Undergrad: 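Just passing along the structure, written as C-alpha cells.
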Amino acid sequence: MMSAKCFIEGGPDDMPTRIVPITPPGFEVKIERRAGYEHYKSTPRFTDTAEGRLPVYEWFERTEFAE
C-alpha cells in the first residue's frame with residue numbers, strides 16, 4: 001500500500017525534503033526538526049512533482065519541545 005504524500009511550502013529554507021508523508025487525519029502535517037516541530041496545514045491547492053500531483057500544505061508555525 002502506498003502512503004499518501006504532500007508537498008510542503010514555506011517554513012525553513014533548509015528543510016531536507018519538500019515531499020513528506022501525510023499522517024491521518026490529514027489536515028495538518030507536523031515535522032520533527034531541531035528540538036521542535038514545523039507545522040503545515042492543508043490548502044485547496046495541488047502541485048506537480050517528480051512523484052506526481054500532490055496536495056500543497058503551507059507552513060503556519062513552529063513549536064519547541066518542552067524542557
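The structure presented is a predicted model; accordingly, all values stated were derived computationally and were not measured.
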Undergrad: So, taking the atom named CZ in Arg18 and the one named OG1 in Thr47, what distance separates them when rounded to the nearest 0.5 Å?
TA: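 These two atoms lie 12.5 Å from each other.
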Undergrad: For Cys6 versus Val29, what's the shortest heavy-atom pair and its separation?
TA: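 Answer, listing the atom of Cys6 first, then Val29: SG-CG2, 3.9 Å.
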Undergrad: Looking at Phe65, I'd like to know if its CZ atom is crowded, meaning that more than 12 non-hydrogen atoms belonging to other residues, nucleotides or ligands lie closer than 6.0 Å.
TA: yes
Undergrad: Below 4.0 angstrom, N of the basic side chain to O of the carboxylate: do Lys30 and Glu38 qualify?
TA: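 Salt bridge between Lys30 and Glu38, a charged N being under 4.0 Å from a carboxylate O: no.
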Undergrad: Check Tyr40 against Gly11 and note the closest heavy-atom contact, atom names and distance.
TA: OH-CA, 4.0 Å
Undergrad: Hey, what do you get for CG (Asp48) to CZ (Arg53), rounding to the nearest 0.5 Å?
TA: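 So the gap between those two atoms works out to 5.0 Å.
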Undergrad: Give the minimum heavy-atom separation between Ile22 and Lys5, together with the two atoms involved.
TA: CD1-O, 3.4 Å
Undergrad: With a 4.0 Å cut-off on N to O distance, would you call Arg62 and Glu64 a salt bridge?
TA: yes
Undergrad: Flag the pair Glu9 and Arg45 as a salt bridge only when some basic side-chain nitrogen lies within less than 4.0 angstrom of an acidic carboxylate oxygen.
TA: yes
Undergrad: For Arg34 and Asp14: C-alpha separation, side-chain torsions, deciding distance, then whether side-chain contact (heavy atoms from CB on, under 4.5 Å) applies.
TA: CA-CA 11 Å; Arg34 296 187 180 162; Asp14 63 344; 2.8 Å; yes
Undergrad: Would you say Val20 ends up clustered with Met15 if hydrophobic residues are merged whenever their side chains have heavy atoms under 4.5 Å apart, either directly or through other cluster members?
TA: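 Linked, Met15 and Val20 end up in one cluster.
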Undergrad: Strictly under 6.0 Å, is that where the ring centroids of Phe7 and Phe46 end up?
TA: no
Undergrad: Please report the interatomic distance CD1(Ile31) to OG1(Thr23), rounded to the nearest 0.5 Å.
TA: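 Going from the CD1 atom of Ile31 to the OG1 atom of Thr23 covers 9.5 Å.
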Undergrad: When the ring planes of His39 and Phe60 are compared, do they come out parallel, tilted or perpendicular, using 30° and 60° as the limits?
TA: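 Answer is tilted, since the angle falls between 30° and 60°.
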Undergrad: Verify, without hydrogens or angle tests, whether Thr43 (side chain) and Val56 (backbone) share a donor-acceptor contact under 3.5 angstrom.
TA: yes
